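Worth saying up front: this structure is predicted, and the values here are computed from it rather than measured.
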Amino acid sequence: MKELVGIAEQVAAQLIARKQTIAVAESSTGGLIAASLLAVPGASAFFLGGAVVYTRDARRVLMDISDEGMKGFRSSSEPYAKLLAEQMRSRFNCDWGLSETGAAGPTGNRYGDDAGHSCMAVAGPAAEVMTLETGGSDRLANMQVFAATALRLLLKKLEG
């Protein structure tokens, strides 16, 4: 967790300096991204909210994305990660949306992705989507790597 908070502190410094805000949607990280950002003193200056979008019901209730709205999308994919990030940015009317969706392990998901597969996206003044494959099946290790990678992706966009 120390590594995650270290990256989150760098993200926080950038957001606070710019007077910008963020909201987070995460799946297989289970709230680690939000927890890391909230561990930074003064988080209320930049963190507007987050959602753990782990199931279809969570996607419908928390993100207001219907099954019909998922036509052409599947979870654990770059287009879905982009949709989540954009949805968070829009719903919270904030500067940045950050999302993560994947398969932490120890097995893969029902879409055929192996454990250690994650897609993440940043939506904001700069945007990026990426896929990470850790090659490992250790659930907790993958969750931490996914969260750290998502925070680093955001930091890269903030540092421009």
Side-chain angles (χ1 to χ4, degrees), residues 1-55 58-59 62-63 75-106 109 113-160:
M1 189 72 186
K2 232 180 189 45
E3 177 198 8
L4 290 175
V5 175
I7 304 164
E9 287 171 342
Q10 295 173 64
V11 166
Q14 290 283 335
L15 290 170
I16 290 168
R18 297 161 173 244
K19 295 181 172 38
Q20 292 182 331
T21 55
I22 186 166
V24 177
E26 47 194 312
S27 174
S28 58
T29 50
L32 282 175
I33 297 169
S36 301
L37 290 167
L38 288 170
V40 178
S44 58
F46 62 87
F47 188 87
L48 296 187
V52 177
V53 187
Y54 196 69
T55 63
R59 185 194 73 233
L62 299 173
M63 302 301 295
S75 296
S76 303
S77 69
E78 288 189 5
Y80 181 62
K82 182 175 187 249
L83 174 66
L84 289 178
E86 290 170 346
Q87 189 80 340
M88 288 306 275
R89 184 176 185 219
S90 153
R91 288 173 69 89
F92 280 88
N93 192 28
C94 55
D95 300 289
W96 298 92
L98 178 63
S99 72
E100 180 283 331
T101 176
N109 62 26
D113 302 308
D114 291 331
H117 166 90
S118 178
C119 296
M120 46 208 73
V122 173
E128 188 169 340
V129 183
M130 67 167 283
T131 299
L132 172 68
E133 302 286 349
T134 67
S137 62
D138 181 315
R139 186 175 184 84
L140 183 56
N142 281 333
M143 289 171 74
Q144 292 174 334
V145 170
F146 296 170
T149 303
L151 286 166
R152 282 192 192 100
L153 180 65
L154 174 62
L155 185 59
K156 182 176 93 172
K157 292 294 138 192
L158 285 164
E159 292 175 343

Stepwise, does the side-chain contact (heavy atoms from CB on, under 4.5 Å) test hold for N109 with S75? CA-CA 10 Å; N109 62 26; S75 296; over 6 Å; no
Go through F146 and I33 one step at a time and tell me if the side-chain contact (heavy atoms from CB on, under 4.5 Å) criterion holds. CA-CA 9 Å; F146 296 170; I33 297 169; over 6 Å; no
For the backbone of V145 and the side chain of T149, can you confirm whether one donor and one acceptor N or O come within less than 3.5 Å of each other? yes
Can a donor-acceptor pair be found, under 3.5 Å and without considering hydrogens, that links the side chain of S99 to the backbone of A25? no
Would you give the length of the straight line joining atom [atom1] of [X] to atom [atom2] of [Y], rounded to the nearest 0.5 angstrom?
| X | Y | atom1 | atom2 | result |
| --- | --- | --- | --- | --- |
| S118 | E78 | OG | CD | 10.0 Å |
| E3 | R152 | CD | CZ | 4.5 Å |
| L98 | I22 | CG | CD1 | 5.0 Å |
| M1 | L32 | CE | CG | 6.0 Å |
| K82 | C119 | NZ | SG | 13.5 Å |
| E100 | L153 | CD | CG | 11.5 Å |

Mind checking whether [X] and [Y] have side chains closer than 4.5 Å, heavy atoms only?
| X | Y | result |
| --- | --- | --- |
| T29 | M120 | no |
| V11 | W96 | no |
| L37 | L151 | yes |

Apply side-chain contact (heavy atoms from CB on, under 4.5 Å) to R18 and D95, showing your working. CA-CA 10 Å; R18 297 161 173 244; D95 300 289; over 6 Å; no
Provide the closest heavy-atom pair for [X] versus [Y] in the form atom of the first, atom of the second, distance.
| X | Y | value |
| --- | --- | --- |
| A115 | G105 | CB-CA, 3.6 Å |
| S76 | T101 | N-OG1, 3.0 Å |
| A121 | A85 | O-CB, 3.7 Å |
| Q14 | E159 | NE2-CG, 3.8 Å |
| M63 | V53 | CG-CG2, 3.6 Å |
| F46 | V40 | CZ-CB, 4.5 Å |

Start with the C-alpha gap between L15 and F47, add the side-chain angles, then the distance that decides, and say whether side-chain contact (heavy atoms from CB on, under 4.5 Å) holds. CA-CA 9 Å; L15 290 170; F47 188 87; over 6 Å; no
